Each structure stands twice: as C-alpha cells, then as structure tokens.
Amino acid sequence: DAISISFPTEKIGLLKPQLLPILAPLYFSKQKDWAIFHKSSLVPSYPLFPWERETFINQVAAFLEAENILSNEAFAALAELPKLEAGLVQRLDNATSGILIIAFTSETKALFRKLISTHQIEKKYHAIVEGRIAQAQDFSFFVSAAGEKKMRVSIEGIKANMQMVPLAVNDSYSLVELTTCHGVRHQVRVLMAHIGHPLMGDALYGAKSDSASCHQLHACGLRALQGVNELRKGFFSAPPTIFMENFKLTGLNYSYDKRS
C-alpha cells in the first residue's frame with residue numbers, strides 16, 4: 001500500500017508593530033480596492049525577513065485587520081515572494097517619507113504596476129539640496145548600479161526623465177520640486193548629486209553638510225495620467241515634521257499652506 005504523508009503549510013503573515021503606530025489611510029478608493037497611505041521617514045517600506053515588524057507595510061496590515069477590511073494573511077498573500085511587500089505598489093527608501101499606493105486585491109496591484117511600468121503614474125518629490133539652484137531644468141538620463149548600495153548616472157542603464165523646479169533658494173540650499181513618471185532606484189538622489197547638488201544629509205551621495213541625520217526627500221504627489229479616474233485628480237501630502245525642522249535650519253522660506 002502507498003503511504004501518503006502531508007505536511008502542514010504555514011501561511012505567511014505580517015507581525016503587528018510594537019513601536020510604530022497603526023496607520024490610517026489618507027484616501028480610500030470608492031471600490032475599497034486600493035488606498036493611499038503616508039510613510040514616515042526612517043521607516044522601511046516592507047520587511048526583509050518574516051520576523052521584522054517595524055515597517056510601513058506592517059503598519060498598514062495592522063490597520064486593515066483592526067478595521068476588518070482585510071485579514072493579515074490575505075494582505076500578506078498579495079506579495080510577490082520572496083519579497084514580503086503584501087499589497088505595496090511602489091516603494092520608497094527608508095529615509096524618504098511620502099505617499100504610497102496600497103492595493104487590496106491582486107488585480108488592482110497588477111493594474112497599478114502596469115501603469116507604473118508604462119509611465120502613466122506621475123510622481124512629485126520635494127528635496128532640500130545643497131547649493132543654489134535658480135532655474136528650472138528638464139533632465140533625460142540613464143541610471144546604473146555603482147556597487148551594492150549606490151547608483152550612478154551613466155551612458156547606459158535604466159532611462160529616467162525628470163523635471164526640476166526651484167521653490168525656494170538661498171546661497172547655501174535650495175528647495176526643489178522634481179516630477180517624474182519613471183521609477184528608478186535612487187533616481188532623485190543620484191541625479192542631484194550628479195549635477196553638483198546632493199540632498200541635504202545624503203552622505204551616500206556626497207553631501208558636504210552633516211546637519212541632517214539622513215537625506216531630506218519627501219514623495220509629496222501622485223497622479224494617474226490615464227486609467228484609475230480617482231487618481232487622475234492627483235494627491236498632495238505636505239512634508240512631515242522632521243523634514244520641516246531641517247528645512248528651517250537652511251534659512252529657506254516656503255509656505256506649504258497654499259499646497260494643502
């Protein structure tokens with residue numbers, strides 16, 4: 001007789017954060033199949049290992065389960081393993097704050113990923129950079145790896161386009177708004193360093209000042225150029241406290257009241 005042996009399969013879940021608060025969304029879609037959340041600075045987008053719990057996606061999972069919107073296991077199952085990203089559509093560097101799209105179904109996640117890969121999602125960033133930038137400028141460039149943790153502008157690699165507009169300027173620092181439909185790793189940081197204006201606090205890319213403990217970059221805007229009508233009007237999120245505290249140190253003057 002044949003002997004059949006079955007082993008229990010353990011479903012992947014996301015641990016509830018102990019130090020970080022549960023996050024409420026900035027916006028919920030009418031169909032309740034996606035939402036926009038705000039990630040804080042110095043918080044990883046998602047865990048690298050199952051035992052990690054102090055990440056943005058763990059915060060979102062705790063909210064969804066607490067509100068009976070989606071179970072922890074169902075949300076975690078949206079990940080494309082081995083990444084433990086759940087319904088995260090796009091990611092931000094640990095030190096970068098800003099708005100992120102979270103999908104609650106595999107179909108919605110696939111839709112947003114397709115829009116991003118075809119450059120139909122416009123993203124805006126605000127960055128505090130070293131030096132004086134007085135004029136707006138458009139960039140078209142290629143980005144390639146320069147080691148395990150760093151990227152560089154090169155003559156080949158992944159293409160990116162970006163528009164830069166200065167919002168506030170003095171002789172030492174500038175607040176700039178950068179707009180792109182591309183999603184290349186470190187694209188803002190590597191471009192600004194390449195043109196001689198590294199982000200404030202960005203030691204990896206050659207910042208001269210150590211007045212900030214991490215790079216000062218905030219993902220402030222999202223807008224769909226086509227598809228997903230609710231996202232076509234665009235969303236804007238003002239920078240968090242840590243960004244504004246470093247902004248005050250620069251002596252720059254800009255009011256976010258008119259953008260809210």
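Just so it is clear, the model here is predicted, and its values are computed rather than measured.
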Any side-chain donor near an acceptor of the partner, Ser154 and Ser144, under 3.5 Å = yes

query = Can you hop from Leu115 to Phe235 via hydrophobic side chains spaced under 4.5 Å?
reply = yes

note = Residues Ile242 and Ser41: closest non-hydrogen pair is CG2-CB, 3.9 Å

query = So does Leu81 have more than 12 non-hydrogen atoms from other groups sitting under 6.0 Å from CG?
reply = yes

request  = Take Asp33 and Thr108 through the side-chain hydrogen bond (donor to acceptor under 3.5 Å, both in side chains) test and state the conclusion after the steps.
outcome  = CA-CA 7 Å; Asp33 55 351; Thr108 303; 3.3 Å; yes

ask   = Would you say the side-chain atoms of Asp93 pair up with the backbone N or O of Ala95, donor to acceptor, closer than 3.5 Å?
value = no

task = Show the numbers, then the answer: is there a side chain to side chain contact (heavy atoms under 4.5 Å, CB included) between Val89 and Ile116?
result = CA-CA 9 Å; Val89 171; Ile116 289 174; 3.5 Å; yes

message = Donor-acceptor check, side chain of Lys159 to backbone of His182, threshold 3.5 angstrom: yes or no?
response = no

Leu217 with Val176, same ILVMFWY side-chain cluster at under 4.5 Å = yes

query = Is there a donor-acceptor pair under 3.5 Å between the side chain of Gln137 and the backbone N or O of Gln163?
reply = no

ask   = Under a 4.5 Å side-chain heavy-atom rule over Ile, Leu, Val, Met, Phe, Trp and Tyr, are Ile195 and Ile155 clustered together?
value = no

task = Could you tell me which non-hydrogen atom of Ala62 sits nearest to which non-hydrogen atom of Ile22, and how far apart they are?
result = CB-CG1, 3.9 Å

request  = Determine whether Met162 and Leu167 fall in the same hydrophobic cluster, where Ile, Leu, Val, Met, Phe, Trp and Tyr are linked whenever their side-chain heavy atoms lie under 4.5 Å apart.
outcome  = no

inquiry  = Looking at every non-hydrogen atom in both residues, tell me the closest pair between Ile99 and Cys220 and how far apart they are.
reply    = CD1-O, 3.6 Å

query = Please, which pairs that meet side chain to side chain donor-acceptor pair (under 3.5 Å) have at least one residue in residues 230-245, sequence neighbours excluded?
reply = Tyr27-Glu230

ask   = Can a donor-acceptor pair be found between the side chains of Tyr256 and His126 at a distance below 3.5 Å?
value = yes

inquiry  = So that I can tick it off, tell me whether Glu80 and Arg113 are bridged by a salt bridge, with the cut-off set at under 4.0 angstrom between side-chain N and carboxylate O.
reply    = yes

message = As a quick check of understanding, evaluate side chain to side chain contact (heavy atoms under 4.5 Å, CB included) for Phe56 and Leu100, giving each step before the final call.
response = CA-CA 10 Å; Phe56 165 75; Leu100 290 169; 3.6 Å; yes

key: Test log, rule side chain to side chain contact (heavy atoms under 4.5 Å, CB included), inputs Leu111 and Trp34   = CA-CA 11 Å; Leu111 170 62; Trp34 61 273; over 6 Å; no

ask   = Once you round to the nearest 0.5 Å, how far does CZ of Arg53 lie from CG of Leu19?
value = 9.0 Å

ask   = Among Thr96, Thr250, Asn246, whose side-chain hydrogen bond (donor to acceptor under 3.5 Å, both in side chains) with Gln216 holds?
value = Asn246

ask   = Heavy-atom count around Asp138 CG within 6.0 Å, excluding the residue itself: above 12?
value = yes

Non-hydrogen side-chain atoms of Glu122 and Thr179 separated by less than 4.5 Å = yes

query = Can you list the residues that meet the ring-ring contact (aromatic ring centres under 6.0 Å, His included) rule with Phe104, with sequence neighbours excluded?
reply = Phe28

Partners passing ring-ring contact (aromatic ring centres under 6.0 Å, His included) against Phe142 (at least two apart in sequence or in another chain) = none

pair Thr180-Tyr125: side-chain heavy atoms closer than 4.5 Å = yes

ask   = How long is the gap from CZ on Phe247 to CG on Leu175, to the nearest 0.5 Å?
value = 5.0 Å

task = Please confirm whether the backbone N or O of Thr55 pairs with a side-chain atom of Lys39, one donor and one acceptor, at under 3.5 Å?
result = no

ask   = Measuring from His194:NE2 to Leu191:CG, what's the distance to the nearest 0.5 Å?
value = 7.5 Å

Side-chain touch Ser97/Ser40, heavy atoms, less than 4.5 angstrom = no

message = Going by the rule side-chain hydrogen bond (donor to acceptor under 3.5 Å, both in side chains), which residues pair with Asn161 if we only count those two or more places apart in sequence or in a different chain?
response = Ser140

ask   = Are Leu64 and Leu20 linked, directly or through other ILVMFWY residues, by side chains that come within less than 4.5 angstrom of each other?
value = yes

query = Who pairs with Phe139 by ring-ring contact (aromatic ring centres under 6.0 Å, His included), at least two apart in sequence or on another chain?
reply = none

request  = Measure the spacing between NE2 of His215 and CG of Asn94 and express it to the nearest 0.5 Å.
outcome  = 8.5 Å

inquiry  = Using modelled atom types and a 3.5 Å cut-off, is there a donor and acceptor pairing between side-chain atoms of Lys109 and backbone atoms of Leu78?
reply    = yes

Between side-chain atoms of residues 197-205 and protein atoms elsewhere (two or more places apart, or another chain), which donor-acceptor pairs fall under 3.5 Å?
residue	atom	partner	partner atom	Å
His197	ND1	Glu130	O	2.7
Asp202	OD1	Arg189	NH2	2.8
Asp202	OD2	Arg189	NE	2.9
Tyr205	OH	Met151	N	2.7
Tyr205	OH	His186	ND1	2.7

task = Working to the nearest 0.5 Å, report the span between CG of Leu249 and OG of Ser211.
result = 6.5 Å

query = Do Ser45 and Glu85 come close enough that some side-chain heavy atom pair is under 4.5 Å?
reply = no

request  = Please answer whether the main-chain N or O of Pro21 pairs with a side-chain N or O of Gln59 as donor and acceptor at a distance below 3.5 Å.
outcome  = yes

ask   = Mind checking whether Phe37 and Phe63 have parallel, tilted or perpendicular rings, split at 30° and 60°?
value = perpendicular

message = Main chain of Ser29, side chain of Gln31: is a donor-acceptor contact present, judged purely on distance under 3.5 Å?
response = no

message = When you compare the side chain of Ile102 with that of Leu88, does any pair of heavy atoms fall below 4.5 Å?
response = yes

task = Evaluate the criterion side chain to side chain contact (heavy atoms under 4.5 Å, CB included) for residue pair Leu222 and Gln90; output intermediate values, then yes/no.
result = CA-CA 11 Å; Leu222 279 174; Gln90 84 276 36; 3.8 Å; yes

ask   = Does the side chain of Leu48 reach to within under 4.5 Å of the side chain of Glu52, using non-hydrogen atoms?
value = yes

message = Strictly below 4.0 Å, N to O, side chains only: are Glu177 and Lys124 in salt-bridge contact?
response = yes

task = Please tell me if the side chains of Pro240 and His218 come closer than 4.5 Å, counting only heavy atoms from C-beta onward.
result = yes

query = Are the side chain of Asn72 and the backbone of Leu14 linked by a donor-acceptor contact shorter than 3.5 Å?
reply = yes

ask   = Are side-chain heavy atoms of Leu231 and Ile121 found at a separation under 4.5 Å?
value = yes

Nearest-0.5 Å distance, NZ of residue Lys16 to CD of residue Gln18 = 10.0 Å

